[in-house]
Amino acid sequence: GHPVVWVEMSPQNPEIMYASVVHHTEGGVIRSQDGGNTWTQLSIAPRTEGHAYTIRCLKDGSVVVTFSARA
C-alpha cells in the first residue's frame, strides 16, 4: 500500500530480494527469501523516518542502503 522505490536481488542467491518502501511510519527495507512471494520488514534504522531509498547487494553478501531526507 506504500511506494516501492527500489528492488535489488542478491548476487549470491536470486531468491533473496530487498525493496525500499517509503512511508513515514511504515517505510524501510523489506526482504524476501523466496523470490518475492513473501516479504518481511527489517529493523528500522534510527532517525531514518522510513525513507529508505537505494539498496545495493554487494558480492560478499553485504547490503548497503541510502536514505532520503524527510521534508
Side-chain angles (χ1 to χ4, degrees):
H2 303 300
V4 173
V5 296
W6 201 274
V7 176
E8 182 82 356
M9 288 199 319
S10 168
Q12 294 183 331
N13 181 349
E15 291 291 305
I16 298 175
M17 302 168 65
Y18 296 88
S20 56
V21 176
V22 176
H23 187 269
H24 70 285
T25 60
E26 298 174 0
V29 178
I30 57 174
R31 176 179 61 202
S32 174
Q33 296 185 28
D34 58 7
N37 291 314
T38 59
W39 294 87
T40 303
Q41 184 162 358
L42 301 180
S43 301
I44 298 173
R47 303 199 43 102
T48 59
E49 308 292 342
H51 288 263
Y53 195 67
T54 59
I55 301 171
R56 290 292 185 195
C57 295
L58 306 180
K59 290 181 183 178
D60 70 357
S62 300
V63 177
V64 179
V65 180
T66 64
F67 293 85
S68 66
R70 181 176 179 191

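What you see is a predicted model, and the numbers here were worked out from it, not measured in a lab.
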Over all heavy atoms of both residues, which pair between [X] and [Y] is shortest? Give the atoms and the distance, please.
{"X": "Q12", "Y": "D60", "answer": "NE2-C, 3.5 Å"}
{"X": "V29", "Y": "A52", "answer": "CG2-CB, 3.9 Å"}
{"X": "Y53", "Y": "W6", "answer": "O-CB, 3.3 Å"}
{"X": "P11", "Y": "K59", "answer": "CG-CA, 4.0 Å"}

Check your understanding: To the nearest 0.5 Å, how far apart are CD in Q33 and CE in M17?
Key -> 12.5 Å

Check your understanding: Rounded to the nearest 0.5 Å, how far apart are CD of E15 and OG of S32?
Key -> 7.5 Å

What about [X] and [Y], same hydrophobic cluster or not, with Ile/Leu/Val/Met/Phe/Trp/Tyr joined at side-chain heavy-atom distances under 4.5 Å?
{"X": "W39", "Y": "L42", "value": "no"}
{"X": "V21", "Y": "V7", "value": "yes"}
{"X": "M9", "Y": "V63", "value": "no"}

Exercise for review: Only counting residues at least two apart or in another chain, list the ones meeting salt bridge (charged side-chain N to carboxylate O under 4.0 Å, His left out) with R31.
Suggested key: none

Review point. Would you say Y18 and V65 make side-chain contact, with heavy atoms under 4.5 Å?
Key: no

Check your understanding: Donor-acceptor pair, S20 side chain versus T54 backbone, under 3.5 Å?
Key -> no

